[in-house]
Amino acid sequence: MIIGSGPGGYRAAEYAAHKGLSVTIIEEKHAGGTCLNCGCIPTKTLCRNAEMIDSMKEAATYGIHHEGFSINYASIKERKDSVVSQLRAGVETLMKAPGITFVQGRAVFKDSKTVVVNDEEYTADNIFIATGSYAKMLPIEGIQHPSVITSTELLDIKQVPKKLCIIGAGVIGMEMASVFNSFGSEVTVIEFLKECLPVLDSDIAKRLRQTISKRGVNFIMQSGVKRILHPEGEGAKSIVVYERKGKEEQVEADVVLVATGRGANVDGMGLENTGIEYSPKGIPVDDNMQTNVPGIYAIGDVNARCMLAHAATFQGIHAVNHILNITDNIRLDIMPSAIFTYPEAASVGLSEDQCKQQGIDYTCKKGYYRANGKALAMNETDGLLKLIADSEGKIIGCHAYGAHAADMIQEASALMCRETTVQQLAEMVHIHPTLGEILVDTAMTAV
């Protein structure tokens with residue numbers, strides 16, 4: 001039995017059925033979960049629209065001259081909704097495959113082997129909790145106003161806000177800042193920390209922020225939001241009051257996006273009836289994704305190990321393999337991630353900051369987009385890659401920002417899964433001209 005049909009749930013169901021198991025998968029809302037319906041997929045669809053707008057703005061660079069263009073946000077939203085609907089229908093079809101029973105409704109545990117849905121009881125020897133996460137809201141005055149929203153509501157907004165204030169410069173905050181800046185919003189990002197995107201190498205994060213800042217996004221770092229005011233009257237805007245260096249300042253906004261992280265969905269499903277250890281932070285699991293109660297597993301955002309869709313997918317497959325006593329080579333400790341801003345950024349493994357903090361003997365080499373032929377041809381010369389190796393030359397991390405950074409980091413991730421050294425990477429032939437040459441050329445400077 002699987003509770004939740006996001007990437008962790010539906011892919012585990014598909015894999016388990018393929019391996020001969022009988023699967024019941026329960027979904028309270030829409031098939032596909034947060035990622036497909038109000039997360040990764042709709043966001044990346046908007047990212048593509050923003051990319052097209054930015055390309056139009058730079059058309060003269062390529063010798064293409066036009067009299068101007070207009071942005072029809074209703075059409076943009078319609079396209080986004082169409083993509084989501086198409087993929088959701090695909091998942092729904094997948095859930096009708098032989099061996100899979102799809103149940104619509106809210107699941108509540110009766111005990112460690114029994115779940116109640118729509119007043120019916122379902123039992124299973126093995127149960128996966130794949131209920132995902134929710135957008136956290138800050139406990140500050142004025143946050144319950146209709147103008148203060150999460151990414152879920154922003155993705156369904158009817159028109160582009162003239163002034164958008166984003167609280168939080170993590171992945172969601174940065175992606176939305178980049179997208180709505182391209183759409184024409186006046187964007188301000190307020191972040192409590194010194195730098196954006198703590199998941200990234202700080203050097204990469206700083207350069208990416210500076211690049212996005214040059215495009216017009218206003219970043220207010222090391223500042224804490226104190227309250228949000230909502231004056232009455234026609235045309236009145238919300239006022240976000242924040243403290244920076246001991247002084248209160250403020251910024252006006254038509255819409256305020258709260259992007260301060262996500263929390264595990266653990267409430268309201270009767271976990272207290274199972275004996276499972278859990279907290280608001282999530283459900284602790286072992287390396288097989290099993291909870292302290294044998295036969296109950298937690299995969300994806302709900303276990304709070306790594307809140308990424310692809311992490312959920314492979315955690316689910318690994319858990320199914322554990323049930324079937326299948327040994328696999330899935331490296332959950334090597335988890336690539338990407339941020340689809342413009343330009344995009346991505347990372348895998350240890351950053352230079354983490355190596356310093358952990359006292360690891362390392363080498364770090366940098367590769368620049370401006371020295372790459374394909375990047376010049378694409379007019380995408382703003383970018384940097386950092387390749388990190390341990391004292392024996394084994395690749396232990398790679399961070400980048402720039403065009404198609406995610407593709408290069410994916411290659412580095414695959415190499416890390418096979419314990420590849422920079423010497424071995426330097427000896428791997430890469431196609432010319434490609435952006436991937438940045439990775440191999442950087443390795444060549446390290447040997």
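Model, not experiment: these values are computed from the prediction. These values consider heavy atoms only, across backbone and side chains, with no hydrogens, waters or symmetry-generated copies.
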For this session: Return yes if a side-chain donor-acceptor contact under 3.5 Å exists between Asp353 and Ser202, otherwise no.
Result: yes
Exercise. Hey, are Lys163 and Asp254 close enough for a salt bridge, meaning a charged N less than 4.0 Å from a carboxylate O?
Worked result: no
For this session: Look at atom CD of Glu248 and say whether more than 12 heavy atoms of other residues, nucleotides or ligands are closer to it than 6.0 Å.
Result: yes
Exercise. Judged by modelled atom types alone, do Asp301 and Ser133 share a side-chain donor-acceptor pair under 3.5 Å?
Worked result: yes
Problem set entry | More than 12 heavy atoms of other groups within 6.0 Å of Arg209 CZ | yes
Problem set entry | Test item: Glu175 side-chain N/O and Phe340 main-chain N/O as donor-acceptor pair under 3.5 Å | yes
For this session: Name the orientation class of the two ring planes belonging to His322 and Tyr297 (parallel below 30°, tilted from 30 to 60°, perpendicular beyond 60°).
Result: perpendicular
Exercise. Does the pair Asp54 and Arg215 meet the rule for a salt bridge (Lys or Arg N to Asp or Glu O under 4.0 Å), with working shown?
Worked result: CA-CA 10 Å; Asp54 293 329; Arg215 290 174 51 213; 3.5 Å; yes
Exercise. Is it true that Lys162 and Glu186 make a salt bridge, defined as a side-chain N closer than 4.0 Å to a carboxylate O?
Worked result: no
Problem set entry | Lys386/Asp203 salt bridge by N-O under 4.0 Å criterion | yes
For this session: Report, as yes or no, whether the 6.0 Å neighbourhood of atom NZ on Lys206 holds more than 12 heavy atoms from other residues, nucleotides or ligands.
Result: no
Exercise. Near Tyr362 OH, under 6.0 Å, is it more than 12 heavy atoms from other residues, nucleotides or ligands?
Worked result: yes
Exercise. Do Asp111 and Asn273 have side-chain atoms, one donor and one acceptor, less than 3.5 Å apart?
Worked result: no
Exercise. Just wondering, more than 12 heavy atoms not from Asn72 lying within 6.0 Å of its CG?
Worked result: yes
Problem set entry | Polar contact flag, side-chain donor to acceptor under 3.5 angstrom, Ser413-Arg331 | no
Problem set entry | Main-chain N/O of Ile388 paired to His399 side chain as donor or acceptor, under 3.5 Å | no
For this session: Would you kindly say whether Tyr401 and Asp382 are connected by a side-chain donor-acceptor distance under 3.5 Å?
Result: yes
For this session: For atom CG of Asp286, decide whether the heavy atoms of other residues, nucleotides or ligands shown that lie under 6.0 angstrom number more than 12.
Result: yes
For this session: Verify the distance criterion only: is there a donor paired with an acceptor across the side chains of Ser238 and Ser147 at less than 3.5 Å?
Result: yes
For this session: Please say whether more than 12 non-hydrogen atoms of neighbouring residues, nucleotides or ligands are located less than 6.0 Å from NZ in Lys281.
Result: no
For this session: Would you mind reporting whether Ile26 and Arg106 have side-chain heavy atoms less than 4.5 Å apart?
Result: no
